[in-house]
Structures are given as C-alpha cells and as structure tokens.
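Take a look at the structure set out below.
Any value given below was found using the heavy atoms of this structure, including those in side chains, with hydrogens, waters and symmetry copies removed. What you see is a predicted model; the values in this text were computed from it and never measured.
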Amino acid sequence: MKSLRWLLLGIMAGPFCGHGMKLAFAADNELKVCVEGGSPPYNELAADGSIVGFDVDIGRALAKTMGKKYKLVKQDWDGIIPALLAKKCDAIISSMATTAERKKKISFSEPYYAPPPERFVAKKGAFPDDKPETLKGKTVGVQRASVAEEYIKQKYPEVKMRSYVTQNEANADLLNGRLDAMFQVVIPTKELLKTKEAKEANIAMFGVEHRDRSILGSGAGIGVRKEDNALRKSFNKAIKTIRANGVYKKINDKYFDVDIYK
C-alpha cells in the first residue's frame, strides 16, 4: 500500500514536475533581447509600435542559428544595462559600443559591426569647424549614457552639454532651435537629415569624423552578464556562422550600401 501510495503521488506530481521541466526548457531556449528602438536604421519603432531595424534582424538570425526562440524587450537606453543585470533580458543587441567602462559591468561578444564614426550636426553654416574652442560655451545635445556623452565630457569640457533620455528628444530640440549643435553616430544622423523637418530646419553635419576608440568603443557588441560566458561564446560562434553563410550580408544589404562589419 505504501509503495502504491507513493506511486500515485508520483503520478499526480508528474504533470507538475513535467510542466516545470518544460517551462525551464522553454526558458532555456528563449532568447530575450533588450533593444532601445530609437536609433534608425539600427533599431526604431515602426508605425504599429513594433521594433524593427538591423539590430532586430541580426538578433533574430543569431537566435535562429543558436536554436533559440527570439523575444524583444523594449528598454530605454539609460536603463538597458540595469535591465540586463536585473535579468529582464538575456542580452543587449542594440548597437551598443564595446567600451572599457561598460566592460566593468557586463561582457561583450565579438563586434557584430565595426565602430562607426560620430559627427556634429547643426544649422548649416553655423560653425566653421568643430574644434573645442569653436564650440566653447555652446549648447550641445547628446543621448544620455551614450559614448557620445562621454566623448563630449572628455574632449569638449567647455561646452554646455545637454543629455537626453532618447535620441529623438535631442533631435527635436535641435530641429526646434533649442540646441546649438548635436553629436551622435553618423548613420542615424544621415537618416535624420533625410527627413522633411531636417531639410526645413536647414541642418547639416559639420567638422570631422570622430573615431577615438578609447572612448567611442571598439565596435558594436552583444552585451551579456559576466556570468553568462557560455552564451557569449555561443553568440561569437553564431556571428561567424551568419557571416559565412551569407545571412549577415543579406541583412546588411537591406539597410546599408557598404559592409558595416569591416
């Protein structure tokens, strides 16, 4: 009787144990990815509210290569590393530059694209160059917690830096004349300059390309928690795979006219 009772209990518990194991298995095979959705064409919000862009497509391809289900978690930029550390997501695939400062908190995969330059943008003809002495005392917009913010802090200490939660907020203030200039990655800036609003405001990039890797990073990497070394290695392997099988090129060519990996 005792053995029968334990057998019955085992049968009754079976679905719960099995369900629990299935949940764990499903969780293990679901890749939750934090992304901002504010840096076109890398990542942005579509009209229906979904997040689209190069980062999203690359993340989906990597998840498929790794045999995992792909789930996006929208997260504001200044809270994206805290979200990863709080386990709201498993990885950050949101064009995050790999920097020494960020590596103190999280780990990164190998870059999935090369470090792009950053430039200043302002009303056309407003400044002859972008030297620190030229911009001294001017109000320059940057996105909060970005490498652009750190760069301005270090290289342009005498400007009046204004930090924004989102890049779109900085863009709006530039277009409305509430900023003298703005500093950000070249490709999203080019996307901004294509808009009707930017053309009406007569804004343009000026100065030189800024490429200081010690501040701006060594390329866009996939951020993971330090203890998730196996996941980091899986990403590295998957990046090599999609580079070799042509999937990366197909996604790259959808958004860019050059290979941004190099």
Side-chain angles (χ1 to χ4, degrees), residues 35-45 52-55 76-78 80 94-99 101-102 113-220 255-258 260:
V35 63
E36 182 197 16
S39 184
Y42 299 113
N43 57 82
E44 61 182 310
L45 292 180
V52 297
F54 175 78
D55 289 327
D76 286 344
W77 186 255
D78 58 354
I80 205 164
S94 194
S95 287
M96 177 169 279
T98 303
T99 67
E101 190 62 30
R102 287 171 177 160
Y113 70 84
E118 308 235 357
R119 286 189 71 181
F120 285 94
V121 58
K123 187 173 287 290
K124 192 177 294 183
F127 302 102
D129 55 58
D130 63 357
K131 295 176 182 178
E133 55 268 29
T134 301
L135 295 174
K136 180 179 178 180
K138 301 300 181 181
T139 303
V140 176
V142 294
Q143 185 172 14
R144 188 182 304 165
S146 67
V147 290
E149 181 183 58
E150 187 60 31
Y151 191 83
I152 295 299
K153 283 181 182 177
Q154 293 191 35
K155 300 291 187 178
Y156 291 79
E158 294 187 290
V159 306
K160 296 175 183 176
M161 186 175 71
R162 187 176 295 170
S163 300
Y164 295 84
V165 174
T166 70
Q167 187 61 52
N168 284 338
E169 290 173 344
N171 294 347
D173 269 10
L174 177 70
L175 296 175
N176 291 320
R178 291 189 286 268
L179 289 173
D180 296 310
M182 189 173 69
F183 185 68
Q184 75 157 141
V185 177
V186 165
I187 292 177
T189 300
K190 288 181 178 179
E191 293 299 308
L192 172 64
L193 296 180
K194 293 176 184 177
T195 65
K196 176 184 176 183
E197 293 79 6
K199 291 175 181 176
E200 289 177 348
N202 196 32
I203 66 168
M205 286 187 283
F206 68 97
V208 300
E209 292 186 345
H210 297 259
R211 296 177 176 271
D212 187 336
R213 291 195 176 195
S214 66
I215 304 174
L216 300 177
S218 56
Y255 297 97
F256 310 105
D257 55 9
V258 295
I260 67 168

Applying salt bridge (charged side-chain N to carboxylate O under 4.0 Å, His left out) to Glu169 and not counting sequence neighbours gives none
Does Arg102 form a side chain to side chain contact (heavy atoms under 4.5 Å, CB included) with Met96? I'd like the steps, not just the answer. CA-CA 10 Å; Arg102 287 171 177 160; Met96 177 169 279; 3.6 Å; yes
One should read off an interatomic distance between Arg119 CZ and Lys190 NZ, to the nearest 0.5 angstrom, of 8.5 Å
Do any N or O atoms from the side chain of Lys136 and from the backbone of Val159 form a donor-acceptor pair under 3.5 angstrom?
no
Counting only pairs under 3.5 Å, give me each side-chain donor-acceptor contact of residues 193-200, with atom names and distances, residues two or more places apart or in other chains.
{"from": "Lys194", "atom 1": "NZ", "to": "Glu191", "atom 2": "OE2", "distance (Å)": "3.1"}
{"from": "Thr195", "atom 1": "OG1", "to": "Leu192", "atom 2": "O", "distance (Å)": "2.7"}
{"from": "Thr195", "atom 1": "OG1", "to": "Ala198", "atom 2": "N", "distance (Å)": "3.2"}

Quick one: does His210's side chain get under 4.5 Å of Pro117's, heavy atoms only? no
In terms of heavy-atom contacts, Thr99 and Leu216 come closest through CG2-C, 4.4 Å
Under 3.5 Å, is there a donor-acceptor pair between the Glu149 and Ser163 side chains?
-> yes
With sequence neighbours left out, the residues meeting side chain to side chain donor-acceptor pair (under 3.5 Å) with Thr98 are none
Check your understanding: Any donor and acceptor pair, going by atom type alone, linking the side chain of Tyr156 with main-chain N or O of Asp130 inside 3.5 Å?
Key -> yes
Do Gln143 and Glu36 have side-chain heavy atoms sitting under 4.5 Å apart? yes
The ring pair (Phe, Tyr, Trp, His ring centres under 6.0 Å) partners of Phe127 (sequence neighbours excluded) come to Phe206
Those residues at least two apart in sequence (or on a different chain) that pass side-chain contact (heavy atoms from CB on, under 4.5 Å) with Glu150 are Lys153, Gln154, Ile215
Residues at least two apart in sequence or cross-chain that pass side-chain contact (heavy atoms from CB on, under 4.5 Å) with Ser39, listed by chain then number, are Tyr42, Asn43, Pro188
In a table with atom names and distances, give each donor-acceptor pair under 3.5 Å that connects a side chain of residues 178-187 to protein atoms at least two apart or in another chain.
{"from": "Arg178", "atom 1": "NE", "to": "Asp173", "atom 2": "OD1", "distance (Å)": "2.7"}
{"from": "Arg178", "atom 1": "NH2", "to": "Asp173", "atom 2": "OD1", "distance (Å)": "2.9"}
{"from": "Asp180", "atom 1": "OD2", "to": "Thr139", "atom 2": "N", "distance (Å)": "2.8"}
{"from": "Gln184", "atom 1": "OE1", "to": "Thr189", "atom 2": "OG1", "distance (Å)": "3.3"}

Sorted by chain and number, sequence neighbours left out, salt bridge (charged side-chain N to carboxylate O under 4.0 Å, His left out) with Arg211 holds for Glu209
Sorted by chain and number, sequence neighbours left out, ring pair (Phe, Tyr, Trp, His ring centres under 6.0 Å) with Tyr255 holds for none
- Hey, mind stepping through Ser214 and Asp212 against side-chain hydrogen bond (donor to acceptor under 3.5 Å, both in side chains) and telling me if it holds? CA-CA 6 Å; Ser214 66; Asp212 187 336; 2.4 Å; yes
By side-chain contact (heavy atoms from CB on, under 4.5 Å), Asp76 pairs with (sequence neighbours left out) Lys74, Asp78, Val165
Sequence neighbours excluded, the answer for side-chain contact (heavy atoms from CB on, under 4.5 Å) partners of Glu133 is Lys131
Measuring only between side-chain heavy atoms, which start at C-beta, is Phe120 closer than 4.5 Å to Val140?
yes
Note: Trp77 and Ser94 closest approach over all heavy atoms is CZ3-O, 3.3 Å
Any chance you could lay out the side chain to side chain contact (heavy atoms under 4.5 Å, CB included) test for Arg162 and Val142, step after step, and finish with the verdict?
CA-CA 6 Å; Arg162 187 176 295 170; Val142 294; over 6 Å; no
Residues passing the side chain to side chain donor-acceptor pair (under 3.5 Å) test with Glu118, sequence neighbours excluded, are none
- Any side-chain donor near an acceptor of the partner, Tyr151 and Ser146, under 3.5 Å: no
